[in-house]
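For ligands, and for the atoms within them, numbers begin at 1 and follow the listed sequence. What you see is a predicted model, and the numbers here were worked out from it, not measured in a lab. Throughout, numbering of the chain's residues begins at 1 and tracks the sequence.
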Amino acid sequence: METLTLAYARALDEQDGLAAYKEEFYVPPHAIYMDGNSLGLLSKRAEQTMQELLESWKLLGIDGWTEGKHQWFYLSEQVGEKMAPLVGAKKEETIATGSTTTNLHQLVATFYKPAGKRTKILADELNFPSDIYALQSQLRLKGYDPADHLIRVASPDGRFLREEDIIAAMTDEVALIVLPAVLYRSGQILDMERLTQAAHERNIPIGFDLCHSVGSIEHALHEWGTDFAFWCTYKHLNGGPGSVGGLYIHEKHFGTLPGLAGWFGSKKETQFDMEHTMDPAEHVGAFQIGTPHVLSLAPLLGSLTLFDEVGMSAIREKSLKLTSYLLELIKHELAAYEFTIGNPIDDSRGGHILLEHPEAARICKALKQDGVIPDFRAPNGIRLAPVALYNSYEDIWHTVQKLKIIMEEKRYEQFENKRGVVA
Ligand SMILES: *Cc1c(COP(=O)(O)O)cnc(C)c1O
């Protein structure tokens with residue numbers, strides 16, 4: 001079949017308006033990188049802004065806070081503004097601060113206000129462990145037992161959630177809802193607009209974890225009225241290992257006191273008055289706690305210019321084409337090898353594909369040996385994320401060919417079917 005050939009993959013690359021952006025990134029030598037949903041690659045622009053910030057420290061010392069090209073004192077707000085279009089927020093509604101998990105703690109500390117019968121938190125059983133640990137600990141802090149106060153909506157098949165089940169669980173005992181936007185294993189996108197509306201009809205504040213959706217799909221958080229959101233920037237946003245996280249609150253909540261306060265949440269003009277009465281910023285900035293991690297913000301300044309230039313709709317369009325092409329090749333080339341597609345095959349999938357296989361751990365090791373970098377998720381998941389800004393159709397073609405040979409020759413048998421420390 002013509003569509004299965006390398007020539008066809010190359011023809012798709014030739015028609016791809018974003019193909020040139022691959023040159024903006026450092027792809028590990030001799031590798032096909034399919035793991036951009038765990039750690040995005042370094043771009044030349046991110047390297048450049050990283051160097052500029054190092055330089056400002058070298059040349060300005062303490063004065064770097066208020067002098068130089070990128071004044072450190074305003075950096076969190078600046079990077080926050082650049083992320084606003086990615087989540088469909090106003091520029092005062094997003095800030096770069098903390099990490100995914102600490103931002104979740106901040107938001108639960110702010111928006112979880114148990115009262116009367118409304119004391120429970122609603123989440124789901126497929127949620128990322130760190131989010132669940134955070135919710136459990138926040139419940140304990142308020143004196144509740146997570147065993148009966150954290151409701152986890154069940155998944156019928158261990159892969160997907162049904163929005164109707166989530167809505168049915170929004171009872172008058174629920175004080176707060178926290179859900180993923182895109183599920184980290186199956187890549188299912190939850191209908192954030194519908195869930196926000198259903199929550200608000202029942203007077204329950206709702207927020208989303210955007211770790212796997214930001215930089216991968218479009219959002220309209222402000223328009224939907226979503227109360228809050230949080231995300232990491234080292235996956236699809238290519239901010240580098242441990243780069244500073246993102247936090248959004250809807251402007252209707254401006255003026256709400258942060259549950260966890262600190263001096264960087266102050267108005268910029270009065271922060272250094274050193275008063276013991278806090279004068280909080282009148283926007284999302286109030287939710288910052290301490291001194292920003294300037295060197296972990298630096299790469300984002302450069303990286304986010306790529307998103308600004310290309311725009312989320314073009315990124316999403318290419319991402320869907322990449323994943324459909326990958327699904328098509330898997331269907332034709334790997335039919336003999338008991339793989340199960342674990343992601344939605346319609347457009348309700350995010351930016352990655354989940355292939356399930358009983359030998360997944362060692363198949364991933366064999367792929368790595370052959371120069372393809374996948375992502376293993378216990379117990380049986382191989383995540384493959386072809387990223388719009390730096391993966392080509394040819395990358396996908398080679399990935400599937402290598403996988404086919406690994407299966408045909410059972411090359412995975414030379415490895416133990418056990419995961420490494422990370423992944
Ligand atoms: C990656 C990821 C996290 C990671 O949290 P950190 O605080 O950045 O370590 C949390 N939640 C989800 C859904 C993730 O995908």
Hits for side-chain contact (heavy atoms from CB on, under 4.5 Å) against L141, two or more places apart or cross-chain, chain-then-number order -> Q138
Identity and distance of the protein heavy atom lying nearest [atom]:
atom                    : value
atom 14 (C) of ligand 1 : K235 NZ, 2.9 Å
atom 3 (C) of ligand 1  : F128 CE2, 3.5 Å
atom 8 (O) of ligand 1  : Y234 OH, 2.6 Å
atom 13 (C) of ligand 1 : D209 OD2, 3.1 Å

Using a strict threshold of under 4.0 Å (side-chain N to carboxylate O), is an ion pair present between K117 and D172?
yes
Do the charged groups of K90 and E93 touch, with an N to O distance under 4.0 Å?
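No salt bridge links K90 with E93.
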Measuring from R349:CZ to L354:CG, what's the distance to the nearest 0.5 Å?
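Output value for this atom pair is 13.0 Å.
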Pairwise distance CD1(I373) to CG(L384) - rounded to 0.5 angstrom
12.0 Å
What do we get for [X] next to ligand 1 when only non-hydrogen atoms under 4.0 Å count, side chain, backbone, both or neither?
X    : answer
D131 : side chain
C211 : side chain
T101 : both

Enumerated ligand 1 atoms positioned under 4.0 Å from heavy atoms of S99:
7 (O)
Contact atoms of ligand 1, heavy-atom distance to H212 under 4.0 Å
15 (O)
If I compare all heavy atoms of D148 with all of K120, which pair ends up nearest, and what's the gap?
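For D148 versus K120, the nearest heavy atoms are O-CE, 3.4 Å.
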Could I get the full list of salt bridge (charged side-chain N to carboxylate O under 4.0 Å, His left out) partners for E92, not counting sequence neighbours?
none
